[in-house]
Visitor: 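One structure follows; several queries about it will come next.
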There are 2 protein chains.
Amino acid sequence: MPQAIPVSLASIKVACSQCSLRELCLSEGLSNEDLQKLDELVGARRKVRRGQNLYRVGDNFEAIYAVRTGFFKTDVIMEDGREQVTGFQMTGEILGMDGIGTEIHNCNAVALEDSEVCIIPFAQLETLSREITTLQHNFHKVMSREIVRDHGLMMLLGTMRAEERLAAFLLNLSQRFTARGYSPAEFHLRMTREEIGSYLGLKLETVSRAFSRFQEEGLIGVQQKHIRILDIPGLKKILSHQQS
Amino acid sequence: MPQAIPVSLASIKVACSQCSLRELCLSEGLSNEDLQKLDELVGARRKVRRGQNLYRVGDNFEAIYAVRTGFFKTDVIMEDGREQVTGFQMTGEILGMDGIGTEIHNCNAVALEDSEVCIIPFAQLETLSREITTLQHNFHKVMSREIVRDHGLMMLLGTMRAEERLAAFLLNLSQRFTARGYSPAEFHLRMTREEIGSYLGLKLETVSRAFSRFQEEGLIGVQQKHIRILDIPGLKKILSHQQS
DNA sequence: GGGGTCGTTTGATCCATGTCAACGCCGCTG
DNA sequence: CAGCGGCGTTGACATGGATCAAACGACCCC
């Protein structure tokens, strides 16, 4: 491993060009030269403590954010207080694209653990992506994937039964942790049962019962927020409705 | 009504610059010069007959489409056959953005009546939007609005009761028809009860019963697919959970 | 170490929506 | 005009998940 040059260490830490999340983020496939331009754009970072909002409904939209470390949820809230969690974002994922259309954020983003994001000023991103074709295309892909992800969640909310929803949720988390180099079989949930329930369109009691059932059936081990997945094929079978 | 100039009539019909949907589509706010460039890009149109697919899951992604006339649904289908309708698209709305991320379409688009779309080759759209800032921004807005729309649907699917869902659906249709210069109070549904149900995460019988209930309560008039909205505030009240 | 709080688990019961079934309406076709 | 098929409506009943309630466990602060 090459030696760090002391004087530039701070800037290295910030740079996209040095970021371990490159292949997950906007910088995939960029030349070194273009990476450097992106580095300039993504200068600032921001720490968000557990429980704090990165942004709220109604905030002016100025930037999108890449999760550098930590874990977020996004949600929308109805006048009568009902909450729908629309997503959980982990390292390397992009937040804030909801604000582009109206110039105002349309959902809330809350850190579920102490986190840090890269701030990507949106006007400048548009400018730079007029210059760098690959960056432009990467950004379009990120938005498109968000749409496809949302369609998957609609399928889940519209047609799946409680245990199918939870199985899909666990398999999705497992796969995303794997993609980040963590264990596919063992992880800590950063969110409460209630937040999982809101995301899946279920009440927290139903989520809890489904966890217990999966544990009884030997599919997973549960201890509070610590999850151990014991039988991935078994979970997949539940999803494909082979059960019963 | 001005007389048409025979020789150029066909080309006039095709052009974005002459299109009555400008303010709904990608061309909003473009200069005449830029509109002309967009016209060149959007040369081809395509007719899709009722029941036919505009594209299917797995088709190569090459273009997005603007609905010129007609009415579409998009859906995703699970291996076991369960269908989730992810949206209904009417005049001026954009279809196909699900394909950008993977270069392959991730949902099906089906015409619910004889329809016509403008074909917007995506690679060329990216090229042109590097040149025309406003076009670039319009496209980003369209994608962002799609994401926000999806979040609204998640809220509906995750937290609302059957009658709330149907009220939201009717109000949304009414508003979109209004924006297109049609009556806000009277319209024909192009989709079956089953398709409405799939979209709203309900069974067709539940949709039918909710329609009947609304009719009994004097909120709407229903005759098959013909809907007359009689009490918009009443429907809004159901949405805001004032009922019971 | 004790007490409080928050999150979770589990049980008992209820209810909204799903399921199953019959029938009716409408438009199409022969 | 008759018959047929697709779609919609309505009723009776079943059930998955919600609701209400109690107790437990982990963690934090004093």
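Protein chains get the first letters and strands the later ones, always in sequence-line order, with residue 1 at the start of each.
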Visitor: Check the distance between dC24(D)'s C1' and Arg193(A)'s CZ and give it to me in whole angstrom.
Guide: 14 Å
Visitor: To check you understand the geometry: which heavy-atom pair defines the closest contact between Met97(A) and Ile147(B), and what is its length?
Guide: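 Residues Met97(A) and Ile147(B), closest heavy atoms: CB-CD1, 4.3 Å.
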Visitor: Mind checking which nucleotides bracket the chain A contacts on DNA chain C, 5' to 3', with an atom under 4.0 Å from a heavy atom?
Guide: dG7(C) to dA12(C)
Visitor: Could you state the CE-C1' distance from Met191(B) to dG6(D), rounded to the nearest angstrom?
Guide: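 Going from CE in Met191(B) over to C1' in dG6(D) covers 18 Å.
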Visitor: I need the residues from residues 211-230 of chain A with at least one non-hydrogen atom less than 4.0 Å from DNA chain C; give them sorted by number, or say none.
Guide: Ser212(A), Lys225(A)
Visitor: For Arg46(A) versus Asn53(A), what's the shortest heavy-atom pair and its separation?
Guide: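 Answer, listing the atom of Arg46(A) first, then Asn53(A): NH2-O, 3.3 Å.
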Visitor: Give me the atom names and distance for the closest heavy-atom approach of Gly158(A) to Gln84(B).
Guide: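 In this case the closest contact between Gly158(A) and Gln84(B) is CA-OE1, 3.3 Å.
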Visitor: Check this for me: Glu194(B), atom CD, are more than 12 non-hydrogen atoms of other residues, nucleotides or ligands nearer than 6.0 Å?
Guide: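 Incorrect, the count does not exceed 12.
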Visitor: What residues from residues 151-159 of chain B pass a heavy-atom cutoff of under 4.0 Å to DNA chain D?
Guide: none
Visitor: Between Phe71(A) and Phe177(A), how do the two ring planes meet: parallel, tilted or perpendicular, split at 30° and 60°?
Guide: parallel
Visitor: Could you go through residues 222-232 of chain A and list every donor-acceptor pair under 3.5 Å that involves a side-chain atom there, pairing it with any protein atom two or more places apart or in another chain?
Guide:
| residue | atom | partner | partner atom | Å |
| --- | --- | --- | --- | --- |
| His226(A) | ND1 | His188(A) | NE2 | 3.1 |
| His226(A) | NE2 | Glu186(A) | OE2 | 3.0 |
| Arg228(A) | NH2 | Glu186(A) | OE2 | 3.2 |
| Asp231(A) | OD1 | Gly234(A) | N | 2.8 |

Visitor: Which heavy atom of Ser174(B) sits nearest to which heavy atom of Pro184(B), and what is that distance?
Guide: OG-O, 2.7 Å
Visitor: So Leu189(A) and Phe211(A), do their side chains get closer than 4.5 Å, heavy atoms only?
Guide: yes
Visitor: For Arg50(A), look at atom CZ and say whether over 12 heavy atoms of other residues, nucleotides or ligands are found less than 6.0 Å away.
Guide: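 12 or below, so no.
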Visitor: Identify the pairs formed between an N or O of the protein and an N or O of nucleotides 11-19 of chain D at a distance under 3.5 Å, and give each distance.
Guide:
| residue | atom | partner | partner atom | Å |
| --- | --- | --- | --- | --- |
| dG11(D) | N7 | Arg209(B) | NH1 | 2.8 |
| dG11(D) | O6 | Arg209(B) | NH2 | 3.1 |
| dA12(D) | N6 | Arg209(B) | NH2 | 3.4 |
| dG17(D) | OP1 | Ala162(A) | N | 2.7 |
| dA18(D) | OP1 | Lys203(A) | N | 3.4 |
| dA18(D) | OP2 | Lys203(A) | N | 3.3 |
| dA18(D) | OP2 | Thr206(A) | OG1 | 2.2 |
| dT19(D) | O4 | Arg209(A) | NH2 | 2.8 |

Visitor: One thing to verify: whether Glu146(A) and Arg149(A) come together as a salt bridge, which I'm taking to mean a side-chain N less than 4.0 angstrom from a carboxylate O.
Guide: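 So Arg149(A) pairs with Glu146(A) through a salt bridge.
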Visitor: For Asn106(B) and His151(A), test the side chains for any donor-to-acceptor distance below 3.5 angstrom and give the result as yes or no.
Guide: no
Visitor: How close do Phe72(A) and Val67(A) get, heavy atom to heavy atom, and via which atoms?
Guide: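 Looks like CD1-CG2, 3.8 Å.
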Visitor: Apply side-chain contact (heavy atoms from CB on, under 4.5 Å) to Thr74(B) and list each qualifying residue two or more places apart in sequence or on a separate chain.
Guide: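 Tyr55(B), Thr86(B), Gln89(B), Leu95(B), Cys107(B), Ala109(B).
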